[in-house]
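Positions are given from 1 along the sequence. What you see is a predicted model; the values in this text were computed from it and never measured.
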Amino acid sequence: MSPEEKPAAAPRSLAEALRVRDDVSLAALLRSRPDLVTPVPTDLTQLATRAGTRASVVRALERLDRFALQTAEALAVAADPAPYGELLRLMAGDEADPAVAAALPRAVALLREQALLWGADDRLRLVRTARELLAPSPQHPSPTGLGPTVREATAGMSPGRIQEILTTVGLSSTHDSVSAVSALGELFTDRKRMAALLAALPGDSQEVLDRLVWGPPYGQVTHDPAAHLRALLDRGLLLPTAPGTVVLPREVALYLRAGRAHRAPEPVPPPVEAAATHRPQVVDATAAGQALAALATVDELLKEWDEGGPTVLRAGGLSVRDLKRTAVALDVSEPVAAFWLELAYAAGLIASDGEADERYAATPAYDEWRELPTGERWARLAAAWLPATRTPGVVGGRDAKDRTLSALGPNLDRSAAPEVRHRVLALLAGLPEGASPGAESVLARLRWERPLRGPQRDRRAPGDDDLRSRLARWTLSEAELLGITGRGALAAPGRALIGAPEPSHPAPEPEGPGDKLPVHHHTPPVPVPAGPAERAAATAHAARLLAPLLPEPLDHVLLQADLTAVAPGPLERELADLLGVLADVESKGGATVYRFTPGSVRRALDAGQTAADLHAFLTRRSRTPVPQPLTYLIDDVARRHGRLRVGAASAYVRCDDDATLDEILADKRAAGLGLRRLAPTVLAAQADPAVLLEGLRAIGFAPAAESAAGDVVIARADSRRTPPRTAPEPVPDGPPAPDDTLLTAAIRAVRAGDLAATTPRKPGPGDGEDGAPGGELPRTGAAETLATMQAAVLTGEALWIGYVNAEGAASQRVIAPIRVEGGFVTAYDHTADEVRTYPLHRVTGVAELADDAR
């Protein structure tokens with residue numbers, strides 16, 4: 001075989017395995033494990049070291065799918081290193097399950113890509129830290145349910161006892177304990193001899209083995225065990241590990257399991273099946289209706305807080321009482337009210353005002369949001385919900401210190417929420433148009449993609465969802481509330497929002513709520529729109545798709561004789577705003593019913609409207625004649641409105657009609673206001689103006705507030721706003737995924753650093769006999785450094801130098817000098833892959849490269 005055909009030597013470490021990877025493979029590793037690139041490693045050895053740290057390995061294991069994790073768990077109980085054939089037997093069993101055999105190469109490739117596994121197929125090695133985390137021990141049982149090997153279980157056993165076991169099972173005795181244990185292990189892995197050994201056991205002994213075979217493998221025995229237990233102990237089928245404790249050896253368990261490390265390998269993800277299917281037009285129309293309702297709900301919430309919302313708790317957030325009041329005002333349950341509050345907060349529409357008596361209020365961004373077209377308003381809310389880490393579903397629960405979690409309060413962030421939301425919607429996007437899946441089908445798929453590790457998945461009681469499952473359930477309900485889905489199926493605007501491709505296949509005809517659509521085993525991942533530009537484009541596309549689905553805003557209402565107005569659909573902004581001030585919403589739905597009351601008419605007059613303005617508005621905007629009772633109501637309230645004037649003294653009441661003031665003083669209900677006459681037309685009060693206004697209105701009068709100049713104060717609905725506030729930033733789930741630019745630069749730096757660290761050089765003073773450097777950086781005098789540099793310029797050879805930058809950081813570099821002058825060397829830096837200039841006084845030393853490195 002020629003040198004060119006000689007195969008590359010097998011890697012002896014993870015660093016060597018990474019060194020032979022190409023840039024595409026390294027980029028895949030850094031993209032899937034972003035903690036490895038923060039900060040950028042200096043070379044591949046440091047990258048391998050970082051990839052083997054406990055925190056990084058735990059994070060990587062938590063992101064494996066169930067079958068890949070099962071493969072890693074099987075490798076942890078296999079030999080180290082293990083040939084691929086042994087791993088295949090552990091996963092597929094003696095019967096060689098074809099589905100497992102077909103899926104295993106993908107799982108092994110994934111573990112290799114994640115740098116959790118290295119080595120050729122004949123010497124597969126799990127990263128040491130991963131093996132320690134997954135290997136069985138008495139304190140941390142293996143997820144496979146397997147116990148220690150015979151060699152491990154007999155480590156503290158006396159040689160005499162080992163010889164007794166050999167004699168009982170019919171093996172030749174030996175004085176060498178190592179040989180004796182090996183012989184016992186070989187017996188337990190010999191199918192024919194093990195079958196004969198077990199056939200000779202009493203039935204009760206076999207029942208004990210059946211109870212221990214799938215784990216946990218440990219059991220308790222008395223100092224004088226029963227005969228059927230004694231038979232197992234005498235044959236080594238149970239081995240003592242501590243006084244009163246025995247364990248089923250791994251080799252015995254694998255024989256009883258037919259070679260399988262797992263009771264139920266899951267090589268294929270569970271399908272996401274459609275529980276019902278609808279026409280896509282119905283789905284989109286339903287979602288559009290939900291989107292309109294969502295906008296109306298947020299509008300109603302913010303209008304409730306126009307004059308200032310509830311106070312902020314000292315610990316932050318909304319009190320339970322204020323949450324209940326908000327739920328009653330919105331006519332929803334408290335969890336749903338918490339969702340709308342958190343959605344408005346995530347979109348930057350509400351915030352605390354920062355005053356001494358801190359309250360929640362709308363932000364200036366709310367006024368800008370209200371002026372947007374309807375589709376863009378909805379898209380802004382949906383785009384704020386998708387990446388938000390604040391999770392309203394946990395409101396009402398308890399934190400780590402047993403404190404109640406309040407809406408808009410701290411500790412609501414769950415960093416996994418954005419990834420779960422996007423994945424749930426992606427699974428819905430993988431179904432045919434109009435198909436809605438069952439919740440349990442989605443949850444089963446998510447649990448396969450991100451299973452709980454180890455004892456956590458065994459401790460989970462039926463119906464007791466883990467956090468990811470609860471996040472998925474909340475995602476399904478919140479997406480429906482927001483109009484991203486309709487009737488449980490993903491609508492076209494929701495598909496655009498996550499950047500999913502348009503469906504290329506025809507939608508199936510619905511056959512009823514129980515219609516089962518084709519099984520989708522593999523839903524291709526939908527990439528999350530990465531940069532701000534991509535996210536903005538997806539949001540704009542969603543808004544464009546929603547716009548034609550929305551009804552045209554109406555410019556009229558229908559006035560009725562019972563002092564109500566019916567809006568048969570969504571109203572134009574100007575009409576809705578003024579009607580919302582002039583009347584109270586009585587009922588909502590497909591048509592909104594407004595009721596006119598003296599209080600609502602007075603509210604419109606307080607906002608600066610006159611009776612003539614209101615009459616003209618109703619005449620212009622009503623498709624039916626204005627009823628006489630409504631005309632009389634407006635005129636009556638306007639006639640009395642503003643006759644009383646309330647100002648600040650503490651407060652005073654002024655009225656040109658002294659008889660009206662006499663009436664107020666005579667009313668017993670005004671006693672609490674502390675009124676006294678200062679002049680025939682002026683009363684002074686002990687209450688402040690706001691309390692005085694409300695008190696007089698409660699009695700039945702219609703006072704108006706006035707300024708220090710005597711002018712009527714117009715109460716505008718949008719007068720209470722916080723200073724400009726930014727929306728809350730999502731809490732990232734670990735380091736952010738690196739973009740392509742960072743990956744390219746990081747790989748380039750790592751390759752260059754590795755070149756400088758591994759390039760051999762000629763032995764110099766202070767080096768060992770084998771040429772190994774005696775120090776971290778080469779050290780030569782200034783004259784020798786200059787002479788070597790000048791010679792390299794003439795010969796074109798590369799040099800290995802040590803360099804200390806202005807901050808004092810030292811590094812090794814491989815350079816090819818081009819020019820030396822003025823105390824500087826200009827050279828092509830192989831480490832940085834570019835031409836650079838270095839001051840010679842910062843070069844610690846120089847060495848020539850070895851001949852085989854040139």
Side-chain angles (χ1 to χ4, degrees), residues 34-35 55 58-64 313 315-318 320 323 333-348 350-351 381-428 439 442-453 456-457 459-460 463-482 484-485 497-498 526 528-529 535 726-737:
D35 55 300
V58 167
R59 182 179 175 82
L61 290 175
E62 289 175 346
R63 280 158 175 72
L64 294 176
L313 294 175
L318 207 63
V320 174
L323 178 60
S333 64
E334 291 176 35
V336 174
F339 165 69
W340 294 119
L341 286 167
E342 286 293 337
L343 178 63
Y345 181 55
I350 59 175
L381 292 180
W385 170 76
L386 192 58
T389 55
R390 291 185 62 83
T391 310
V394 303
V395 170
R398 296 280 177 174
D399 64 8
K401 297 182 179 179
D402 200 35
R403 294 174 299 196
T404 302
L405 295 169
S406 57
L408 303 179
N411 304 321
L412 295 189
D413 287 286
R414 300 294 182 270
S415 56
E419 188 268 336
V420 173
R421 287 194 196 108
H422 191 276
R423 186 56 187 153
V424 168
L425 297 182
L427 290 174
L428 267 61
V442 174
L443 296 184
R445 177 59 168 267
L446 291 178
R447 292 188 188 115
W448 186 91
E449 292 179 348
R450 289 282 182 85
L452 294 173
R453 276 202 311 114
Q456 299 177 69
R457 71 183 170 207
R459 287 198 298 264
R460 188 172 63 85
D464 182 18
D465 287 339
D466 58 280
L467 176 61
R468 284 179 60 83
S469 297
R470 285 183 287 140
L471 288 171
R473 290 187 188 276
W474 295 331
T475 296
L476 292 171
S477 61
E478 291 169 3
E480 192 75 13
L481 283 173
L482 198 49
I484 292 175
T485 60
L497 189 69
I498 63 171
V526 178
V528 181
R535 290 194 295 271
T726 57
E729 288 291 331
V731 176
D733 185 16

Distance in Å, [X] [atom1] paired with [Y] [atom2], rounded so as to fall on 0.5 Å steps:
| X | Y | atom1 | atom2 | value |
| --- | --- | --- | --- | --- |
| Arg403 | Arg398 | CZ | CZ | 10.5 Å |
| Leu443 | Arg445 | CG | CZ | 12.5 Å |
| Thr475 | Arg468 | OG1 | CZ | 10.0 Å |
| Glu62 | Leu64 | CD | CG | 10.0 Å |

Looking at every heavy atom in both [X] and [Y], which two are closest together, and how far apart are they?
| X | Y | value |
| --- | --- | --- |
| Ala737 | Pro34 | CA-CB, 4.1 Å |
| Tyr345 | Ile350 | CD1-O, 3.4 Å |
| Leu386 | Arg421 | O-NH1, 3.5 Å |
| Thr485 | Leu476 | OG1-O, 4.4 Å |
| Ala338 | Leu323 | N-CD1, 4.0 Å |
| Val395 | Ala407 | CG1-N, 3.7 Å |

Sequence neighbours excluded, the answer for salt bridge (Lys or Arg N to Asp or Glu O under 4.0 Å) partners of Arg473 is Glu440, Asp465
Residue set satisfying salt bridge (Lys or Arg N to Asp or Glu O under 4.0 Å) with Arg390, at least two apart, ordered chain then number -> Glu342
Q.
So that I can tick it off, tell me whether Arg423 and Glu419 are bridged by a salt bridge, with the cut-off set at under 4.0 angstrom between side-chain N and carboxylate O.
A. no
Given the options Leu405, Leu471, Leu467, Val420, Thr391 meets side chain to side chain contact (heavy atoms under 4.5 Å, CB included) only with Leu471
So, Arg535 side chain and Ala383 main chain: donor-acceptor pair closer than 3.5 Å or not? no
Q: Could you tell me whether the side chain of Arg470 and the main chain of Val394 form a donor-acceptor pair under 3.5 Å?
A: no
[X] vs [Y] side-chain heavy atoms within contact, under 4.5 Å:
| X | Y | answer |
| --- | --- | --- |
| Trp340 | Leu481 | yes |
| Leu427 | Leu446 | yes |
| Leu425 | Leu497 | no |

May I have the list of side-chain donor-acceptor pairs in residues 410-418 shorter than 3.5 Å, sequence neighbours left out?
unit_1	atom_1	unit_2	atom_2	d
Asp413	OD1	Thr389	OG1	2.6
Arg414	NH1	Asn411	O	3.0
Ser415	OG	Asp733	OD1	3.4

